[in-house]
Amino acid sequence: MLNTYQAGRHFLQIPGPTNVPDRILHAMAKPTMDHRGPEFGRMARDILEGLKPVFKCAGPVIVYPSSGTGAWEAALSNTLQPGDKVLMFETGHFATLWHEMATRLGLDAQFVSGDWRHGVAPEVVEKTLTEDRAHTIKAVCCVHNETSTGVTSRIGEVRKAMDRAKHPALLFVDTISSLASLDYRHDEWGVDVTVGCSQKGLMLPPGLGFNALSEKAIRAAEKGGFPRSYWRWEAMLAPNKTGYFPYTPATNLLYGLREAIAMLMEEGMENVFARHARHGEATRRAVRAWGLEIQCLDEREYSGVLTAVRLPDGHNADAFRKVVLEHFNMSLGNGLSKLQGKVFRIGHLGDFNDLSLCGTLAGVEMGLGLAGVPHNKGGIQAAMEYLQKE
Ligand SMILES: *Cc1c(COP(=O)(O)O)cnc(C)c1O
C-alpha cells in the first residue's frame, strides 16, 4: 500500500508541459489587470519585442490564447487557400497530427512517409521541389523537434535545399518543443511562419500559442488565406503595435511570459542551447550504458530536448513507466500512437539542471530494475562522469 502523501516535488520529466519554475509561478500570482489600460500596453509591447530574440526574428510575433495546435491552424489558414498543395514529412506523431489537420482543412497535403527514427531529409525536399516545375506546392511544413521520437530535423539544411531547388514555397516550422531549448533561427533560415507554444522550453503552463512571421507570410495573408476570424493575423497586428489585442489576452500567462523571457536573457540563449545539448548527451550516455536503444538513428538529429528509449521486445514501456511513477513519483513520457508501449521518453528540457538530470536518470535506472527490464547497471555513472568533466 502506497502512502497517499508523497513528500518532495513530483519529477515531471515528460517533454512538455515542463516544470514551471518558482519565479514564473510567483510572477503569475498577481491580480489580473485591465487589458485595455496603460500598464498592460507597456507590458505587452515589452513582451512582443522581447520574444524576437527568442525566435531570432525581426518581424512580428503573434501571441494567441491557445495551445500549440491552434497556432498550427493559424499558420495554415492565414496563408493558404483550400485545395493548395503542401509538402509534409512523417517524422512522428506530431507531424502526423499536423498532416491530419491540413487534410481536414481541405488542403492537398502530400505526406512523405518516414520510419519515425529520422528527421526531414533535405535531399527529398530538394528533389520534390525541383520536380514541381509548375510551383504547385505552396508550403513546406516541418516539425523541428519531433517530440514523439526525440529526433531534431535540420531546418537550416531544409532551407538550403529549398534554395537549391529555386522554389518559392513558404516554409512553416513547428518549434513547439524546441523553442528556447534548441538553436533556432527564424530569419537566418528564411522561415515564413514559426509555430510555438508556452508549455515546453518557455517553462510556462499551457495556454499560449505563437506565430513568428516573415514579410512574405504577411503578404500571403493580405492576399489570401482561408475564411478565418479568431486566427486572423491582420486583426492582431494592428492593435499589437500599441500593445493591445483584438480580444482578451491570457493576462496572467503574459506575466509569466515576461518573466520567462527575462530568465532566458539572463542565462543567454546560447547558454540555454548548450545546457540542453549537454543534458541530451549525458542522457544518451546513460541509455547506451544500460544497453538500451535510442529511438533516433542519426547522430546529426539527436535531440537536446528529450530522449526516446526503446525497450527490449517483450517488455512494455507503459508498465515500466507505471512502476517509476508509483515508486519514485516521476512522470516519464509515454510512447505515442505507433510507439505506444515500445518507447518511453525522458524529457530534459526547460527549467532543468545537472542534479535534476541525475535524479531523473537514477529513477529510470532503479525503475528498470524493479520492472525486470534487462539492462546493465551504470547508466547514471556514465552520465555523471560526462557531466563532471564537460
Ligand atoms: C506538444 C506538441 C504539439 C501540440 O501542442 P499542443 O499545445 O498540445 O496543441 C505539437 N507539436 C509538437 C512538436 C509538440 O511537441
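When reading the values below, keep in mind they use all heavy atoms of this one structure, side chains included, and skip hydrogens, waters and symmetry mates. One-based numbering, in listed order, for ligands and for the atoms of each.
- The side-chain hydrogen bond (donor to acceptor under 3.5 Å, both in side chains) contacts involving residues 265-276 comprise R23-E266, K56-E270, S181-H276, E267-R275, where partners must be two or more places apart or lie in separate chains.
- A salt bridge between R219 and E222 is absent, with no side-chain N of the basic residue lying under 4.0 Å from a carboxylate O of the acidic one.
- Protein residues with any heavy atom under 4.0 Å from ligand 1: S67, G68, T69, W72, F94, V143, N145, T147, D174, I176, S177, Q199, K200.
- Just one residue in the list V125, V173, D163 forms a side-chain contact (heavy atoms from CB on, under 4.5 Å) with V158, and that residue is V125.
- Annotation: side chain to side chain contact (heavy atoms under 4.5 Å, CB included) contacts of R117 (sequence neighbours excluded): D115, E293, Q295, L297, R310.
- Within the structure, the side-chain hydrogen bond (donor to acceptor under 3.5 Å, both in side chains) test picks out the following pairs touching residues 192-201 (sequence neighbours left out): Y184-T194, H186-T194, D192-S214.
- Ion pairing between a basic and an acidic side chain is recognised when a charged N comes within 4.0 Å of a carboxylate O; R154 and E301 show such pairing.
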